[in-house]
Amino acid sequence: LRELIASHVTTDSVQLEWSIPEGSFDSFVVQYKDAQGQPQVLPVDGESRTVTVPGLSPSRRYKFNLYGMWGRKRVGPISTDAVTGEGSYILCPCPWTPLEPEKEPPSEPRLGDLTASHVTPDSVQLEWSVPEGSFDSFTVQYKDAQGQPQLLPVDGDSRTVTVPGLSPSHRYEFNLYGMWGRKPVGPISTDAVTVVRGDVYALHCALHIAAPPPAEEEPPSQPHLGELTASHVTPDSIQLEWSVPEGTFDSFTVQYKDAQGQPQVLPVDGGSRTVTVP
């Protein structure tokens with residue numbers, strides 16, 4: 001990244017321009033604080049070298065930070081300051097090109113619902129829908145366990161992404177923006193609480209072994225348990241899923257302790273591979 005410049009300053013917007021002397025980025029992100037001091041994020045596609053930041057307040061100094069997103073690595077920032085114009089006075093009007101009257105403008109795409117699933121101690125899988133239109137890219141915004149803003153770029157064809165590097169037993173709020181050209185759409189949001197590492201959940205299998213077979217027959221091999229994962233976490237329930245890579249079991253038993261520390265047992269039939277703990 002090299003040199004961020006502010007130009008075309010009006011009472012409520014600033015145009016930013018930058019250069020890339022070497023290489024290319026997947027996307028960019030502009031960060032700044034609004035007139036109320038709240039952090040704002042403006043995603044920009046990787047081909048752009050300019051963006052207009054809208055919705056600013058007159059006669060106010062803003063500091064803009066630009067980051068380049070290369071895979072999941074954030075490069076930068078480069079920074080610049082700008083002071084918006086006073087009153088209705090415009091230093092440099094933004095250029096406007098009228099649409100050809102015979103062409104219908106493309107309709108803006110819409111974001112559907114954002115849901116969190118497959119929650120582990122250090123990751124959350126996010127899924128979303130686009131009921132209408134298409135986006136060039138997406139950006140997931142959240143704060144880490146230390147309260148620092150984090151950004152995760154996603155390509156426009158995806159409808160799911162796994163957010164890695166989270167902390168156990170921590171509530172996260174995820175915001176998803178869709179990029180339509182240079183315009184961000186959204187956000188849509190969801191919350192998720194990561195699972196406690198070394199949780200008290202344990203899966204026990206009851207295996208009933210019959211009388212030993214005749215000596216000439218090979219004894220059946222003992223079945224094996226695979227991985228146990230927690231997903232679809234709500235305020236009062238958790239869905240557990242597991243695998244049995246080899247053999248079969250007669251039944252399963254989930255053991256855990258409730259909020260009062262009392263042991264609880266939930267029996268499950270041997271054909272199941274999932275159960276909801278209510």
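Everything numeric here is computed off the predicted structure, so don't read it as measured data.
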Within one Ile-Leu-Val-Met-Phe-Trp-Tyr cluster: [X] and [Y], side-chain cutoff 4.5 Å:
X	Y	value
M69	F28	no
V193	L166	no
Y177	L151	no
V83	I5	no
V75	V29	no

Exceeds 12 heavy-atom contacts within 6.0 angstrom, atom [atom1] of [X]:
X	atom1	result
D113	CG	no
W70	CH2	no
D157	CG	no
E47	CD	no

Heavy-atom side-chain proximity of [X] to [Y] below 4.5 angstrom:
X	Y	value
Y142	Q148	no
H118	T120	no
R110	V130	no
P184	L42	yes
T139	L152	no
H8	T52	no

| query | Considering the options D269, L225, V268, which one meets the side chain to side chain contact (heavy atoms under 4.5 Å, CB included) requirement together with F249? | reply |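 Going through the options one by one, the only one that passes is L225.
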| message | Which heavy atom of L4 sits nearest to which heavy atom of T80, and what is that distance? | response |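 Residues L4 and T80, closest heavy atoms: O-CB, 3.4 Å.
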I'd like to know if the side chain of [X] and the backbone of [Y] have a donor-acceptor N/O pair within less than 3.5 Å.
X	Y	answer
T160	L126	yes
T10	S13	yes
S137	D155	no
T194	S169	yes
T84	R60	yes
S79	N65	no
S243	E227	yes

| request: Could you tell me the separation between the CG atom of L114 and the CG atom of L176, rounded to the nearest 0.5 Å? | output: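 Answer rounded to 0.5 Å: 5.5 Å.
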| request: Given side-chain contact (heavy atoms from CB on, under 4.5 Å), test D191 with F174 step by step and report yes or no. | output: CA-CA 6 Å; D191 290 357; F174 300 98; over 6 Å; no
| request: Using only heavy-atom distances, determine whether the side chains of Q15 and E17 contain a donor-acceptor pair under 3.5 Å. | output: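 Yes, E17 and Q15 have a side-chain donor paired with an acceptor closer than 3.5 Å.
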| request: Hey, can you tell me if Y32 and Y62 have their rings parallel, tilted or perpendicular (30° and 60° cut-offs)? | output: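 If you compare the ring of Y32 with that of Y62, the planes turn out perpendicular.
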